[in-house]
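Have a look at the structure below, then the notes.
All values reported here derive from a predicted model rather than from experimental measurement. For the numbers below, each heavy atom of this structure counts, side chains included, while hydrogens, waters and symmetry mates do not.
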Amino acid sequence: MQTDQEAQDIALPFNEVDKLQAMGINAADINKLKSAGLCTVLGVLMTSRKDLIGIKGLSEGKVDKILEAAAKIESANFISGVELRFKREMIFKLSTGSSSLDQLLGGGIESMSITEAFGEFRSGKTQLALTFCVTAQLPRSMGGGMGKVAYIDTEGSFRPERLAQIAVRFGVDPSQVLENVLYARAYTVEHQFQLLTLIAAKMTEEPFALIVVDSIMALFRVDYSGRGELSERQQVLGRMLSRLLKIAEQFNIAVFLTNQVQADPSGGVSFVPDPKKPVGGHILAHASTTRLYLRKGRGDNRICKIYDSPCLPETEAT
């Protein structure tokens, strides 16, 4: 676990929205922003003017004043490649607990991005998510993130006793690991949005390293059924993934999503050896920075393949 000195060495990577008060924005309007889940200045700049006006109690004039004040605190303009490289040096990688899988991923899953793992049932998705719950709390020198974890469970598959077993494997106190995991069971898509708003507010108070959503599409497949609701489902999914990515960038955390698979109807008439594909369509494919395909191997082995990544080759590990 991290020491107090190590925790102090990590500077807050965000400007709290309360800083707008020094720029002439009144406290009541700042509280309205917080109630909408906008707890950082960058979060305000990441939100469209239309959505800001949609917050109850904020007029067009107030929104313009808020955006002008936010732009003076946080820059959202062009930066040089050198500045971007310096910014990316803040990124950390969370270890998977497997040396072969860490090697496949170049050290682990990255912060400030979304990593998606999809596969059939019993392919190891939830076990990998639980492992990240432990490694996220380890020191950076051990492949950790030195922060707490937010776990949104949409399928009821989270087991604290299993998490305790993984903690023992890593040589850390199971009780402390469980204490640092904020768990919530989501029952609807709307509830899932509310949980993201709550956890964003919590991240301004305590250091976090990881958000887990297990699984991202389960509630969407229940709340939106049939082709008639497919378009609306994808729009809502796009907003949720955008929200997750903005949180990841604001607070420099990793986002890990598990996902289900479906049979590809064209698989029967093609020569593709494995016709299964991830649920969520192009919306989820474009939002995920790295996509991992998990499948069962021989015995208790699981095989992980890089399905899509901007910088990693399409290889696999066992």
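Side-chain atoms of Glu179 and Gln137 form no donor-acceptor pair, as typed in the model, at a separation below 3.5 Å. Using a 3.5 Å distance cut-off with no hydrogens or angles, the side chains of Ser99 and Asp102 do not pair a donor with an acceptor. Between the side chains of Ser98 and Thr96, no donor-acceptor pair of N or O atoms lies under 3.5 Å. Side-chain polar atoms of Gln127 and Arg302 form no donor-acceptor pair below 3.5 angstrom. One side chain, Thr258 or Asp214, offers a donor N or O that lies under 3.5 Å from an acceptor on the other.
Between Tyr293 and Tyr307, the two ring planes are perpendicular [angle over 60°; tilted spans 30° to 60°].
The ring-ring contact (aromatic ring centres under 6.0 Å, His included) check on Phe208 picks up nothing, with sequence neighbours excluded. Glu60 pairs by the salt bridge (charged side-chain N to carboxylate O under 4.0 Å, His left out) definition with Arg49, not counting sequence neighbours.
Ion pairing of Glu206 with Lys202 is present here, as a side-chain N (NZ or NE/NH1/NH2) and a carboxylate O approach within less than 4.0 Å. In this structure, Lys34 does not pair ionically with Glu16, as no charged nitrogen and carboxylate oxygen lie closer than 4.0 Å. No salt bridge links Lys87 with Glu249; every basic N to acidic carboxylate O contact stays at or beyond 4.0 Å. A salt bridge does not link Asp29 to Lys65: none of the charged side-chain nitrogens sits closer than 4.0 Å to a carboxylate oxygen.
Surrounding CZ of Arg122 are at most 12 heavy atoms belonging to other residues, nucleotides or ligands under 6.0 Å away.
Atom CD1 of Ile30 sits about 11.5 Å away from atom CE of Met23, to the nearest 0.5 Å. Taking OG1 from Thr131 and CG from Leu101, the interatomic distance works out to 10.0 Å, rounded to the nearest 0.5 Å.
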